[in-house]
Amino acid sequence: MGHHRMVAVVAAALASTTAWALTTSVPGRTSSALGAIAVERTTMAPVAAPKATTKTALLPLAEMVEEDEEMKRSKRLAAAERPLDVYVVGLSHHNAAVETREKLAIPEAEWEEAAAAIVASSDGAVEEAAVLSTCNRFEVYFAARDGRAGFAAASKYLQERSSLPMSTLRGSLFMLGHEHATTHALRVAAGLDSLVVGEGQILSQMKQCYAHAVEGGSGGKVTTRLLNTAVAFGKRARDETDIAKGAVSISSAAYELANDKAPGDLGKSLGEARVVVVGAGKMTRLLLIHMASHGLKKCVLLNRSEGRARDLADEFKASHDLDIEVVATGGDTAAVLPYVADADVVVTSTSSESYVIDADSLQGRADPLMLVDISVPRNVEPACDDLPNVHAYDVDSLKAVVARNTAKRRREIVAAEHLLDDDAATFRGWIATLGAVPAITQLQKKAEDLRLAEMKKANAKLQHLSQREIEAVERLSRGIVSKLLHGPMASLRDAKGSQATRTPLGHVRRMFGL
């Protein structure tokens, strides 16, 4: 047979493949390529009836086990064909009181371990995870193919960690997926979702969340991309708007609260009060900046070890002429009590998971005492506020103070929200391209199956060809299919189609490069 005839046979054999590609490329006609493929791949073939056997009564059970395993394999394959997307579950100052938040608080040193535990305990529902735990929020960012299953697995972990009844925990949790989870992550990094709008500490905490997701290995490609996008937007929002200009922090809000409450609670101004600060971390440093800037001349600084506290004392002596008496407690809460007894105001900011000051230690207090606790978990037992002459405040007490700051910043909030839309859309465009991978695989398989089927039909007409000629026909048929699919596959990889390309005609032109 001549080459012209051989080409004609191949062309006829591939005619139905071409027709299939054309009909599945036009939305609204027969089915979309994605929809047709999804149905073809996920619909299970009917299970054949068990063959009669006289060997043993156990055979039907064995067949049932095999069929069950086959169903599980089919479900796993179907799940793998769905692309990963991002989700977030957690609680924050918006919807959970501090007594609930502190039950889930995790020290930064344990973020990686917690993320790994969420992935490991999810039975495959959560493929990637990252944990963010601050004084005002506890959030799990994760990637999953089935959001419902992912939320169930993550919520179960949170319930077990907190030991709260699920009915109680559910009332405090928020769950967001897809574009809503994306927007939330960006808002958090920019300080738009903070108790103190525009505060800078949350951006540093999001950077650490991203770093732990990468270093711990549980973040994966999708979750780390989300966190990296969020951190980049947090920087951009602060560079291109005044969202952080003049913004207060939790520490400065604590100072403002103490300053406002001192005359009524203590009968004297904060400047006249004897001040004790417990803890020598970042929040303490910010607190001392505000206190020193408003005239504080001396205070006592208690910390587990002397090194960091001594560094702060030297720094503020040089920069603000602030005299700080440093006391190393060695982690012994009893060492704190004598200094509390002599104080008018005590501000606590430590990572202790137990109370540093409890109600029993303050029984019979004669002089007024103000306790300002900006730690989560809390350092001051709530029952202290019930004692005579004791006024105890926690981070939730700061809301009235920061509301004044937020009201002044409405214009910058709106400006930052406009910027957010662009960055969120870019990330969602990238997420959309992930869906192209299983779709392209399905498209290639469908086309190859059709090619082989048509070649089989033409088999009788090709019997007299030599092996070399048959191989040429094979290469020719594969080449035609490959070139035919190039346009549709390139279209699937590109998630940035304009509105014009989403019309049926524009869709066809874009897919086939017409």
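Everything numeric in this text was worked out from a predicted model, so none of it was measured.
- Using cut-offs of 30° and 60° for the angle between ring planes, the Tyr87 and Phe151 rings count as perpendicular.
- Counting non-hydrogen atoms of neighbouring residues, nucleotides and ligands closer than 6.0 angstrom, the CG atom of Asp123 reaches no more than 12 such neighbours.
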Query raised in the report: Passes side chain to side chain contact (heavy atoms under 4.5 Å, CB included), Asp193 versus His94? Steps please.
Result: CA-CA 9 Å; Asp193 195 65; His94 292 299; 3.2 Å; yes
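- A donor-acceptor distance shorter than 3.5 angstrom exists from the side chain of Ser122 to the backbone of Val119, with no hydrogens or angles considered.
- Taking the side chain as every heavy atom from C-beta outward, Ile289 and Arg285 approach each other to under 4.5 Å.
- Put simply, CG on Leu84 and OG1 on Thr223 are 8.0 Å apart, with the number rounded to the nearest 0.5 Å.
- A salt bridge is defined here as a Lys NZ or Arg NE, NH1 or NH2 lying under 4.0 Å from an Asp or Glu carboxylate O, and Glu474 with Arg478 meets this definition.
- Atom CG of Leu173 and atom OG of Ser92 lie 10.5 Å apart (nearest 0.5 Å).
- Two residues are said to be in side-chain contact when any heavy atoms from C-beta on lie closer than 4.5 Å; Leu420 and Arg236 fail this criterion.
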Query raised in the report: Checking side chain to side chain contact (heavy atoms under 4.5 Å, CB included) for the pair Ile374/Met283: CA distance, chi angles, key distance, verdict?
Result: CA-CA 9 Å; Ile374 53 176; Met283 295 181 75; 3.9 Å; yes
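- Under the 4.0 Å criterion applied to side-chain N and carboxylate O atoms, Arg451 and Glu448 are assigned as salt-bridge partners.
- Between the side chains of Thr134 and Gln205, not a single donor N or O lies within less than 3.5 Å of an accepting N or O.
- Atom-to-atom distance recorded for Ile431:CD1 and Asp85:CG is 5.0 Å, nearest 0.5 angstrom.
- The closest donor-acceptor contact from the side chain of Glu139 to the backbone of Gly90 lies at 3.5 Å or more, if one exists at all.
- By the 4.5 Å heavy-atom criterion applied to side chains, Lys483 and His486 are not counted as neighbours.
- Nearest heavy-atom pair across Ser133 and Leu104 is OG-O, 4.4 Å.
- Counting heavy atoms from C-beta on, the side chains of Trp111 and Leu132 come closer than 4.5 Å.
- Atom CZ of Arg308 is surrounded by 12 or fewer heavy atoms from other residues, nucleotides or ligands within 6.0 Å.
- Here the closest non-hydrogen pair linking Leu158 and Phe138 is CD2-CE2, 3.3 Å.
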Query raised in the report: When you look at Ser352 and Asn379, which way does the side chain to side chain donor-acceptor pair (under 3.5 Å) test go after all the steps?
Result: CA-CA 7 Å; Ser352 173; Asn379 293 164; 4.8 Å; no
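- Among all heavy-atom pairs drawn from Ile202 and Gly191, the shortest one is CG2-CA, 3.9 Å.
- Taking every heavy atom of both residues into account, Ala309 and Asn303 meet most closely at CB-CB, 3.9 Å.
- Around atom CZ of Arg187, more than 12 heavy atoms belonging to other residues, nucleotides or ligands sit under 6.0 Å away.
- Nearest heavy-atom pair, Phe142 versus Val89, reported as atom, atom and distance to 0.1 Å: CE2-CG1, 4.0 Å.
- With values rounded to the nearest 0.5 angstrom, Leu203 atom CG is found 10.5 Å from Gln208 atom CD.
- Side-chain N or O atoms of Glu128 include one that pairs as donor or acceptor with a backbone N or O of Lys221 at under 3.5 Å.
- The shortest side-chain heavy-atom distance between Arg170 and Gln159 does not fall under the 4.5 Å cut-off.
- Between the Thr284 side chain and the Gly279 main chain, a donor and an acceptor come within less than 3.5 Å of each other.
- Using a 4.5 Å heavy-atom threshold, the side chains of Asp373 and Ile357 count as separate.
- Ring centers of His184 and Phe174: under 6.0 Å apart, within the cut-off.
- Looking at Asp394 and Arg101, no side-chain N of the basic residue comes within less than 4.0 Å of a carboxylate O on the acidic one, giving no salt bridge.
- In this structure, Lys399 contributes its side chain and His93 its backbone to a donor-acceptor pair below 3.5 Å.
- Taking the side chain as every heavy atom from C-beta outward, Trp430 and Thr229 never approach each other to under 4.5 Å.
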Requested in this report: Verify side chain to side chain contact (heavy atoms under 4.5 Å, CB included) between Lys156 and Ile118, making sure each step is shown before the conclusion.
Outcome: CA-CA 9 Å; Lys156 181 181 178 183; Ile118 291 169; over 6 Å; no
Requested in this report: Dump the intermediate steps for side chain to side chain contact (heavy atoms under 4.5 Å, CB included) on Val126 and Tyr157, then the final yes or no.
Outcome: CA-CA 11 Å; Val126 175; Tyr157 172 85; over 6 Å; no
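- Not a single donor-acceptor pair under 3.5 Å links the side chain of Ser172 to the backbone N or O of Ala96.
- Between the side chains of His212 and Glu108, at least one donor N or O sits under 3.5 Å from an acceptor N or O.
- When all heavy atoms of Ala254 and Val372 are compared, the closest pair comes out as CB-CG1, 4.0 Å.
- Put simply, the side chain of Ser375 gets close to the backbone of Thr350: a donor and an acceptor are under 3.5 Å apart.
- Summarising the geometry, atom CG belonging to Leu434 is positioned 9.0 Å from atom CZ belonging to Arg145; distances are rounded to the nearest 0.5 Å.
- Here CZ of Arg475 is found 14.5 Å from OG of Ser482. Values are rounded to the nearest 0.5 Å.
- Panel note: side chain Asn136, backbone Leu195; no donor-acceptor pair is recorded below 3.5 Å.
- Within the 4.5 Å cutoff, the side chain of Lys282 has heavy atoms near those of the Ser204 side chain.
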